[in-house]
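Here is the naming used below: chain letters follow the sequence lines, and residue numbers restart at 1 for every chain. Keep in mind it's a predicted model, so treat the numbers as computed, not measured.
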There are 2 protein chains.
Amino acid sequence: MTRGTGRDGSPGAPRSVDVARVAGVSQKTVSRVFNDEPYVSADVRRRVLDAAEQLGYRRNNAARALASGRTRSIGVVTLGTALYGPASLLMGVERVVRDTGYALRVVNTMEGDPAGLAGAVGSLLDQGVDGIVISEPIDEPGGEAEPLRVDVPVLVLGAPQPFAASTVLFGGRGADRMARAVVEHLLDLGHATVHHLAGPQRWYAAKDRLEGWRSALAAHGRDEPPVIEGDWSAASGYAAGRELAADPEVTAVFAANDDMAIGLIRALAEAGRRVPQDVSVVGFDDIPVAAYVTPPLTTVRQPFDTVAQEGLKRLVHAIDNPQAQALPASDPPVDLIVRASTQPPPPRTPPGRRRHSVSRSPGEVPPHRLPEKDPSTRR
Amino acid sequence: MTRGTGRDGSPGAPRSVDVARVAGVSQKTVSRVFNDEPYVSADVRRRVLDAAEQLGYRRNNAARALASGRTRSIGVVTLGTALYGPASLLMGVERVVRDTGYALRVVNTMEGDPAGLAGAVGSLLDQGVDGIVISEPIDEPGGEAEPLRVDVPVLVLGAPQPFAASTVLFGGRGADRMARAVVEHLLDLGHATVHHLAGPQRWYAAKDRLEGWRSALAAHGRDEPPVIEGDWSAASGYAAGRELAADPEVTAVFAANDDMAIGLIRALAEAGRRVPQDVSVVGFDDIPVAAYVTPPLTTVRQPFDTVAQEGLKRLVHAIDNPQAQALPASDPPVDLIVRASTQPPPPRTPPGRRRHSVSRSPGEVPPHRLPEKDPSTRR
DNA sequence: ATGAAAGCGCTAACAC
DNA sequence: GTGTTAGCGCTTTCAT
């Protein structure tokens, strides 16, 4: 076979012995230089580096991994979607992983994948990773059965406590606290209660938001309206909006993501219920267009970068110190961004004069407020 | 050191010799079984598989890579953004790569990264990949200098012909053809010309769309209005919209992505120019909310999956047959999705009676059409 | 159809 | 500070 990275009949990539020969040192010394080990004189180091440069030497990772038992790589399990949340998290993870000097391997579990999470993790293990990040896991039916037997540290991002294993760390996203902030914002505005358009409940992220909504409502002694479950898509938000529009009691809706909120708003508008005059709507994610739709969307921004950074710091720590205690979790800040899709509820209309039966050109939308470029309100 | 993937003082992972011993065969036979090599009797195969199962054997990839000189992995260079286009492409690539039996390694070049593309590719080469996918490259200043010296096949997705190297393949995205389709749609509706809100010109994808727009206009003998350059963000679309709104000649705008189109529409609406009555707007990407914003956006859907699939097929082919001719490129289909943001231009207003000076409640938006769930029009 | 021997290029442990 | 000696767990080549 051709040697190293050399393809076709090429001479073959230079190895560390070659560098050693050119530099006039032993092969081990070359290894020392490239691993930044102590006890190499500056002079020798230079000679080695020069020789390597001249030869175009690049060390062979397979050999390194084989000899050391470590691959210096971290695997990520993602859902195979371009949804804003998961995609942002993945990018955040990539950014941090590179800084830590690890390489990144990616595998995804598609929803409905027969192998599911276990399969994805297994494939990562096959590749030989030093640690695993599971991003936004979903609850595959039957997946609970095997509690994920792995011998490398695992970091779970965007889920509360799904897996039982001694090596598992959690990078809480605090979505429940964020959801609470949303509900409280709406309650503060004077809404009697808040409806919830939930995400698919197989996603821990969706469950989390539902939980936050539920507990906030309970904490304030409000009654809990029935939950509608969407699938994250604007289409499902639209469908939910048609239902909700028919109910005059609905004055405030918290959608589990911005896409659904946008679909929802459209359905409400078509039904003649104006946002925010008649109904307030809050989304979740702060997708790039959230400030520019009509009306600009009140939503929650998640600190993906912070979460990725904090989580990976702990994962790398666990990899480097197998026996050590896990670093304590830190909760990311909540960022509620108030724009124009929320306001106090309309005055109670007397029963019998249902607001949505009032004649109004369908789809008319309220005057705009200027969209803002930056997070306007923090709490 | 602990053996294989075994961490802490654990017994160490089983190796193929262990399996061989249990199965009562030679180690080589185990290797044969796991590589699906011929000449293993069904009986022996079963025994080996059972033994492996029982021991929890998983083969060591580092050793495999070292011995064979191939890592069976493909590296991807992405921008570190969660933008819909790049993120979708990445997911498409992931999906296909897994099917081909390769592992995926990801590295990103952030815009302005000093090391840039060369650094990202180098880091992939260090990791030892059998092939490289460069997704949506951007034109780093000075990056042209080094023509990307690599000895593995490279697939470039979403760019025309940026790099010179014998091993480079192109997975054209046909964005220029798509841009032409957009312009022709608008021209067919009767618009005198089409303005273009371009993406950042360091992106090949943005250049591509600009090219398509330009050539379509030329082909139809229309004059080419000045181009405004945005940065893909809705905010930049909004800024562009404020400029464009002041010019009564503008009746049709092609934005290089949906986010900018949405910002643009908002700015136009605030300036009293209705979409689509006064100005038609077309986006690009068909982001998930495109059908649900106001008005539902006419846009172009890119066949990310097809592109990823076709491209990777060729990449894998090149990897497996080093000397062979590259497979011919195939252009993906163009998918123009006509929704409610485009219509024929308003009748020419006599000079002096500028439409946008007409009193109108700012931000009023036209009645909706029903959003559609599926691509409505193909061409 | 199966096995024995010889590395792949590096790191680890210990000597000098 | 530097070199020597063994492997790491597989694939390869060649016998059988």
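Annotation: side-chain contact (heavy atoms from CB on, under 4.5 Å) contacts of A:Asn35 (sequence neighbours excluded): A:Ser31, A:Glu37, A:Arg59, A:Arg64. A:Ser16 meets the side-chain contact (heavy atoms from CB on, under 4.5 Å) test with A:Gln27, A:Val30, A:Tyr57; sequence neighbours excluded. With sequence neighbours left out, A:Asp99 forms a salt bridge (Lys or Arg N to Asp or Glu O under 4.0 Å) with no residue at all. Looking at residues two or more places apart in sequence or on another chain, you find a side-chain contact (heavy atoms from CB on, under 4.5 Å) between A:Glu94 and A:Arg98, A:Leu104, B:Val106, B:Val107, B:Asn108. A search for salt bridge (Lys or Arg N to Asp or Glu O under 4.0 Å) contacts involving B:Arg21 returns B:Asp18, not counting sequence neighbours. Every residue two or more places apart in sequence or in another chain that forms a side-chain contact (heavy atoms from CB on, under 4.5 Å) with A:Asp36 is listed here: A:Arg45. Contacts of B:Thr100 classified as side chain to side chain donor-acceptor pair (under 3.5 Å), with partners at least two apart in sequence or in another chain: none.
Atom C1' of nucleotide D:dG9 and atom CG of A:Leu66 are separated by 6 Å, given to the nearest angstrom. One atom, CG of A:Asn60, and another, P of D:dG9, lie 17 Å apart when rounded to the nearest Å. In this structure, A:Arg64 atom CZ and C:dC10 atom P are separated by 10 Å, rounded to whole Å. Going from atom CD of A:Gln27 over to atom P of D:dG7 covers 16 Å, rounded to whole Å. As rounded to whole Å, 17 Å separates atom C1' of C:dC10 from atom CZ of A:Arg58. Rounded to whole Å, the distance from CZ on A:Arg15 to P on C:dG9 is 5 Å. Between the P atom of C:dC8 and the CZ atom of B:Arg59 lies a distance of 22 Å, rounded to the nearest Å. Regarding B:Arg70, its CZ atom lies at a distance of 16 Å from the P atom of C:dG9, rounded to whole Å.
Within 4.0 Å of B:Arg32, counting heavy atoms only, lies at least one base atom of the nucleic acid.
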Legend entry - DNA chain D base-pair string [pairs: Watson-Crick or G-U under 3.5 Å; |: paired with another strand]: ||||.|||||||||||
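When atom types are taken as modelled, the side chain of A:Asp305 and the backbone of A:Gly92 share no donor-acceptor pair closer than 3.5 angstrom.
Comparing C:dG3, D:dC8, D:dT11 by their closest approach to the side chain of A:Ala67 singles out D:dC8. Of the candidates C:dT11, C:dG9, D:dG3, the closest approach to any side-chain atom of A:Ser26 belongs to D:dG3.
Remark: A:Thr29 is not in phosphate contact with D:dT2, judged by side-chain N or O atoms under 4.0 Å from OP1 or OP2. Considering only side-chain N and O atoms, B:Ser31 lies under 4.0 angstrom from the phosphate OP1 or OP2 of D:dT11. The side chain of A:Ser68 places no N or O atom within less than 4.0 Å of a non-bridging phosphate oxygen (OP1 or OP2) of C:dT11. Note on A:Ser16: a side-chain N or O is less than 4.0 Å away from OP1 or OP2 of C:dC10.
For B:Lys28, the NZ atom sits in a packed shell: over 12 heavy atoms of surrounding residues, nucleotides or ligands are nearer than 6.0 Å.
Nearest-nucleotide assignment on DNA chain C puts the 5′-proximal partner with B:Val25, out of B:Val25 and B:Ala63.
Across B:Val96, B:Val133, B:Val93, a single residue satisfies side chain to side chain contact (heavy atoms under 4.5 Å, CB included) together with B:Ile74, and that is B:Val133.
Not a single donor-acceptor pair, N or O on each side, falls under 3.5 Å between the base of C:dA4 and the side chain of B:Lys28.
For the contact set between residues 34-46 of chain B and DNA chain C, defined by any heavy atom under 4.0 Å, the members are B:Tyr39, B:Val40, B:Ser41, B:Val44.
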